[in-house]
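Everything below concerns the one structure shown next.
Just so we're on the same page: letters track the sequence lines, and every chain starts at 1.
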2 protein chains.
Amino acid sequence: MNEIKTTDAEIEIAGTGTLGKAMAVLEAVVTAGSPQRFTDIVQSIGQPRGTVHRLLSHLVEEGLLVQGRDLSYEPGLRLLKLAYRSWSGNRFRDIAEPHLLRLHELTGETVHLGVLRETEIIYVDKVESRQTVRMSSQIGKASPAYCTGIGKAALSSLPQPELERIAARMRFHPFTAHTHRSAAALLAEIDEIRREGHAFDREEHEAEICCVAAPIAIPEHDLVAGVSVTGPAYRVNMAQLAAWAEVVRGAAGKIEEEVRMRLGPGRNGR
Amino acid sequence: MNEIKTTDAEIEIAGTGTLGKAMAVLEAVVTAGSPQRFTDIVQSIGQPRGTVHRLLSHLVEEGLLVQGRDLSYEPGLRLLKLAYRSWSGNRFRDIAEPHLLRLHELTGETVHLGVLRETEIIYVDKVESRQTVRMSSQIGKASPAYCTGIGKAALSSLPQPELERIAARMRFHPFTAHTHRSAAALLAEIDEIRREGHAFDREEHEAEICCVAAPIAIPEHDLVAGVSVTGPAYRVNMAQLAAWAEVVRGAAGKIEEEVRMRLGPGRNGR
DNA sequence: AAACATAGTTCCATATAATGGAACTTCCAT
DNA sequence: ATGGAAGTTCCATTATATGGAACTATGTTT
């Protein structure tokens, strides 16, 4: 029992016992994006019905899921509450915020702060270009590292073996005509990014969206992140982005420095 | 073992077995708001060290917590990621959004959407008055129901027995001079709110902050929520709030109607 | 430096809680 | 009515969580 299923559609279950299974169920429901019925969940998890049923009851009792009158399961509010408290108490985000605001004032475009987690970038803060498009945050959104400016910048600050280990786990989905299609192509660009100190996203993730990003690396806190300035291609051409590269690098450097100062050295002063 | 500890400082552990304990540990770390050391956590949980230690390892392995070099524990990014997907896939929020924007245009002040969960209101969406003060969301923030406009509005739409059950569980913390100090006082105001159809927050939660709110109740989906328009007391006096009451009630009504239409009837057409 | 104190980690026999196959109930369609 | 699909409950079996205690690492005092 408890084998790791490797079928594509199924979610992997880690070696964290009961908690791992419960999280796999939670993830399955949350990822689906629409209310999931019992049978759907059983299928995506590949665990016996009795087990899945009990896990679901526990998740509902904990407020992590809610069950509607049609018996389908949806994410519960407790997740939002937990995330809010994590976010608002996050010292890295807190330290970076004024620098993001300054970067926004300088450029007038949207500024993002993202942290690398395995092969993904998770956005932890954002300053909107205007309130126009959509009102609210993409905070918590996860995007692949290989096709985003922050992602590539963050990757460029990793030691080569670590970078290669992570690159090997990526699945290169071709979002646009410009998306990297292989680890080799990505690694080649990373070399260049290391020399330049900044990365571009040339409509690699979304058509018509470009950005310039710089890495923030604080190895003594296991933190690999990045800042970026993003804009629509029609308004922000490559020359403009290149011109902003320096202030973006500057902001990244200042954030790095301030985090070092305020968070202190890690264990053993390493 | 597994007794429910009732000491004030300790976190209660539900009857959800291993998951319940793991969530109690997670909650303890997240709630603390600062990195928690092993011993801190053991104390706030009141479970044996061996057990807590293993739970922590599993939570770290799952990405729900991260452990710094000084061995302290902090919330991990996986929480943000899960919450983002829950939030962006939330149909109630999605349906309500245009109505919130319209309300913001009409009033020019900050508009909130919140859902009642036991004795608390959890904010699920927000339209900022300006981008001035702080850039980002209080989405996911939990506030007590008895001292917020949305909270009182939402409570007013509950059947009396349910209301009384919930009111009995509240602890009336006196945030300001105007905060209700007892269930009796709250229940009396709820009576009035039921007659009027809207609720005010007269600086009851935060000094200098007022609001007017209206309830959104969709019993067939177990949804009790509210919308509000909030402003600083110096700019928004009671007369102004009273004048907005009607549009707020209107927005709440339209949201209610549209949710009923698009989410369909619950089970048994109840 | 030695002795002490404190914090974190590992171990393992035991008890408890998770497991999962199967029986059962409910709901819906024909 | 009848058949079938979806959801729920049951319970003997087994795996997993438990937690007291021993252990290791770190840091403080004399």
Start at the 5' end of DNA chain D and walk down; is the nucleotide closest to A:Tyr73 or to B:Thr18 reached first?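 The answer here is A:Tyr73.
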
Toward the 5' end of DNA chain D, which comes first, B:Gly50 or A:Thr39, by nearest nucleotide?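 Looking at DNA chain D, the more 5' nearest nucleotide goes with A:Thr39.
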
I'd like to know if [X] pairs up with [Y] as an ion pair, taking the criterion as any Lys NZ or Arg NE/NH1/NH2 lying under 4.0 Å from an Asp or Glu carboxylate oxygen.
X	Y	value
A:Glu256	A:Arg260	yes
B:Glu220	A:Arg69	no
A:Glu257	A:Lys254	no
B:Glu27	A:Arg85	yes

Nearest-Å distance for atom pair [atom1]/[atom2], residues [X] and [N]:
X	N	atom1	atom2	result
A:Lys21	C:dG20	NZ	C1'	11 Å
A:Ile45	C:dG20	CD1	P	13 Å
B:Leu56	D:dG19	CG	C1'	15 Å
B:Asp40	C:dT6	CG	P	15 Å
B:His58	C:dA18	NE2	C1'	14 Å
B:Ile41	C:dA7	CD1	P	14 Å
B:Phe38	C:dT10	CZ	P	11 Å

Beyond-backbone contact of A:Arg262 with A:Arg91, side-chain heavy atoms, under 4.5 angstrom: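 No, their side chains stay 4.5 Å or more apart.
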
As a test of reading the structure: which of [options] is closest to the side chain of [X], going by heavy atoms?
X	options	result
B:Pro48	C:dA18, D:dG19, D:dG7	D:dG19
A:Gln47	D:dA6, C:dA18, C:dG20	C:dG20
B:Thr51	C:dT9, D:dA17, D:dG19	D:dG19
B:Arg49	D:dA22, D:dT8, C:dT10	D:dA22
B:His53	D:dA17, C:dT9, D:dG7	C:dT9
A:Leu55	C:dT9, D:dT8, C:dT19	C:dT19
B:Arg54	C:dA18, D:dT9, D:dA17	D:dA17
A:Arg37	D:dG7, D:dT8, C:dG8	D:dG7

